[in-house]
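Here is the structure we will look at, set down as structure tokens.
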Amino acid sequence: MFIGRASELQYLNNYYKRDGSQLLVVYGQKYIGKTTLLKEFVQDKPSHYYLARPCSEREHIYQWGTQAGFEYSGKTVFPDFYDILENISEESAGKKVILIDEFQNIVKVSESFMKELVRFLHNRTELEDVMIILCSSSIGWIENSMITKIGEAAYELSGLLKVRELSFENLVMRFPNFRIEECVEAYAVLGGIPGLWNQFDDKLTIQQNICRNILNPDSFLFEEGERMVTEQLRETSVYNTILASIAAGKHKLNDLYLHTEFSRAKISVYLKNLMELELVEKVFSYDTAGKENVQKGIYRIIHPFVNFYFTYMYPHMSALQTLSVGEYYNVYIYPYFKSYVAECFKGVCRQHLEKWNERGKLPIQFEDVGEWVGKAGTIDVIAQDEEGRTLIALCNWEKPMMTYADYEWILSCAKKAKIKADYIYLYTATGFDEKLNLEAKVKSNLKLIQISDI
């Protein structure tokens, strides 16, 4: 099922419609849906797809050349990259799209690939146009090493498209049989990564999906959390230690130092690598005058499934091997899952506010949005417009009812942050008490939003 990605498709089609040949890079994390997007894009276009595996330059030439028909044409089975591209471009009439997936696997072993690709493009002047899309799942390499590695070929790039996670709204569309609460729980485990969504079945409960499709040793996702780390990083023992420590609540650099006994300098380097791979983020509070009340520089695992793995599976792997999946879920996941999902619910509420902001449904048009992480309390969402008007939000997932005391609490947090809260939005997965409902009727700047409204 193809969901979302309208803007990405439009981006690619706009380039395709241009005169001349184009060279684009499309990248994003594993399972984010790059290949699905590109398949949708080329549905009505002549195209050629090559998946570059990790191997030598000569093996790439042999594998790709064989796919392009050189083995059966009487020509050499070891052509050069230019000849392969020429042969592909002549296969059909019309502007052809040539997709080279995981292209970094060629660039890393071949000095000639990008040069011959550029020569091929330059020689298309009198010939039919082509569109070459270089695709990659290696975010860190694309953003930090690609330009240096490909050199002057970087000047030939027509565009760069990063494929990002899909929204909660898209997940709701993908799983029509889930209740809205189940959609939030699924989003907490799988995030906005459509390749992982394919492993869940909305005819089962979330607990059944976790037991059958994650905790089951025969399932595809059982070891995927660790594979996402080991495939991209060396010294996985160090990375696993840091990720497990963050998942266990060690969010500050000093906490990680005391727990792991790695040097602060070493931890900082490894955290930088994890952030480049978008597995970890460093969270700073929204900039307000109340800086003395703020927690500074805390780390979180940002990749939802990696976070689930290191929170619920990695620390208890011995028990996972000895208990039944049902017993394991009841002991190690069920008692804590609500608190885990509560963090995700904050992100869902923020997406809802951002959607309303785009559609002009808020009393302000905010430019900046974030959170305020205080030493004694957090404002889940804080947003300001260019005139300094401020909207704050509090999100309740765990409590059976949101009360007037919660309203007073967020006002006290705003006071500690030294901001004037012009508008207060309260989100809940349950309901609101009578006093809070009455307050909302007389306070025009207070809005109560239930999960069903999302």
Verify whether one side chain among Gln67 and Tyr50 offers a donor that lies under 3.5 Å from an acceptor in the other. no
Using side-chain heavy atoms (C-beta onward) and a distance below 4.5 Å, is Leu243 in contact with Val280? yes
Kindly give the heavy-atom pair with the smallest separation between Phe178 and Cys183, and that separation in Å. CB-SG, 3.7 Å
Considering only NZ, NE, NH1 and NH2 on the basic side and carboxylate oxygens on the acidic side, decide whether Glu102 and Arg53 come within less than 4.0 Å. no
Please find the pair of heavy atoms, one from Glu116 and one from Phe81, that lie closest to each other, and give the distance. OE1-N, 2.9 Å
More than 12 heavy atoms of other groups within 6.0 Å of Glu386 CD: no
With a 4.5 Å cut-off on side-chain heavy atoms, are Ile132 and Leu99 touching? no
Run the ring-centre check on Phe345 versus Tyr427 and record whether the distance is less than 6.0 Å. no
To the nearest 0.5 Å, how far apart are NZ in Lys416 and OG in Ser412? 5.0 Å
Test side chain to side chain donor-acceptor pair (under 3.5 Å) applied to Ser137 and Gln232, Lys34, Gln29, the passing residue: Lys34
With a cut-off of 6.0 Å (strictly less than), are more than 12 heavy atoms of other residues, nucleotides or ligands near CD of Glu223? no
Does the side chain of Ile210 come within less than 4.5 Å of Phe337's, by heavy atoms? yes
Scan for side-chain hydrogen bond (donor to acceptor under 3.5 Å, both in side chains) pairs involving residues 394-405, sequence neighbours excluded, and state none if there are none. Ser339-Glu398, Asn396-Thr428, Asn396-Thr430, Lys399-Asp406, Thr403-Asp406
Donor-acceptor list for residues 3-15 side chains, cut-off 3.5 Å, not counting sequence neighbours:
| residue | atom | partner | partner atom | Å |
| --- | --- | --- | --- | --- |
| Arg5 | NH1 | Glu8 | OE2 | 3.2 |
| Arg5 | NH1 | Arg164 | O | 2.6 |
| Arg5 | NH2 | Ile32 | O | 2.8 |
| Arg5 | NH2 | Arg164 | O | 2.8 |
| Gln10 | NE2 | Asn14 | OD1 | 2.8 |
| Tyr11 | OH | Leu160 | N | 3.1 |
| Tyr11 | OH | Leu160 | O | 3.4 |
| Asn13 | OD1 | Lys45 | NZ | 3.2 |
| Asn13 | ND2 | Leu9 | O | 3.1 |
| Asn14 | ND2 | Gln10 | O | 3.3 |
| Tyr15 | OH | Ser158 | O | 2.8 |

Gap between atom CG of Leu277 and atom CG of Leu233 - 0.5 Å precision: 5.0 Å
Tell me if the CZ atom of Arg389 is crowded by more than 12 foreign heavy atoms within 6.0 Å. yes
Pair Gln104-Ser138, side-chain donor/acceptor within less than 3.5 Å: no
Can you tell me how far apart CD (Gln365) and CD (Glu358) are? Round to the nearest 0.5 Å. 9.0 Å
Check whether the side chains of Glu371 and Ser285 place a donor and an acceptor atom closer than 3.5 Å, and report yes or no. no
Quick check: closest heavy atoms across Ala421 and Ala414, and the distance to 0.1 Å? CB-CB, 4.4 Å
Give a yes or no on this: more than 12 heavy atoms of other residues, nucleotides or ligands lie within 6.0 Å of atom CZ of Arg227. yes
Is any side-chain N of the basic residue among Lys162 and Glu278 closer than 4.0 Å to the acidic one's carboxylate O? yes
How close do Pro315 and Tyr309 get, counting heavy atoms only, and between which atoms? CD-O, 4.2 Å
Apply ring-ring contact (aromatic ring centres under 6.0 Å, His included) to His60 and Phe113, showing your working. CA-CA 10 Å; His60 276 301; Phe113 170 67; 8.4 Å; no
Could you give all pairs that pass the salt bridge (Lys or Arg N to Asp or Glu O under 4.0 Å) test and reach residues 443-454, with sequence neighbours left out? Glu439-Lys443
For Glu224 and Tyr31, which I'm curious about, is there any donor-acceptor pair between the side chains at under 3.5 Å? yes
Salt-bridge test for Lys30 and Glu231: reply yes if a basic N is under 4.0 Å from a carboxylate O, no otherwise. yes
When you compare the side chains of Asn170 and Ser167, does any donor N or O come within less than 3.5 Å of an acceptor on the partner? yes
Please list all pairs meeting ring pair (Phe, Tyr, Trp, His ring centres under 6.0 Å) that have one or both residues in residues 358-391, counting only residues at least two apart or in different chains. none
Could you give the distance from CG (Leu274) to CD1 (Ile246), rounded to the nearest 0.5 Å? 7.0 Å
Ion pair check, Glu354 and Arg350, cut-off under 4.0 Å: yes
Tell me, which pairs form a ring pair (Phe, Tyr, Trp, His ring centres under 6.0 Å) where one or both residues lie in residues 134-168, sequence neighbours left out? Phe103-Trp141, Phe168-Tyr187
Quick one, Ile214 and Val189 - any side-chain contact, counting heavy atoms below 4.5 Å? yes
Below 4.5 Å, heavy atoms only, C-beta onward: do Glu185 and Leu190 meet side chain to side chain? no
Okay, side chain of Asn357, backbone of Leu353: is any donor-acceptor separation there less than 3.5 Å? no
Counting distance only, does the side-chain N/O of Thr322 pair as donor-acceptor with the main-chain N or O of Ala319 below 3.5 Å? yes
May I ask you to test the Met114-Leu134 pair for a side-chain heavy-atom distance under 4.5 Å? yes
Within a strict 4.5 Å, meaning less than it, do heavy atoms of the Thr36 and Phe2 side chains meet? yes
Qualifying ring pair (Phe, Tyr, Trp, His ring centres under 6.0 Å) pairs, either residue in residues 231-252, two or more places apart: Tyr239-Tyr270
Is it true that, when you exclude Tyr334 itself, more than 12 heavy atoms of the residues, nucleotides or ligands shown sit nearer than 6.0 Å to its OH? no
Flag, side chain of Thr241 to backbone of Ser237, donor-acceptor distance under 3.5 Å: yes
State, with a plain yes or no, whether a side-chain heavy atom of Tyr27 is found less than 4.5 Å away from one of Ile139. yes
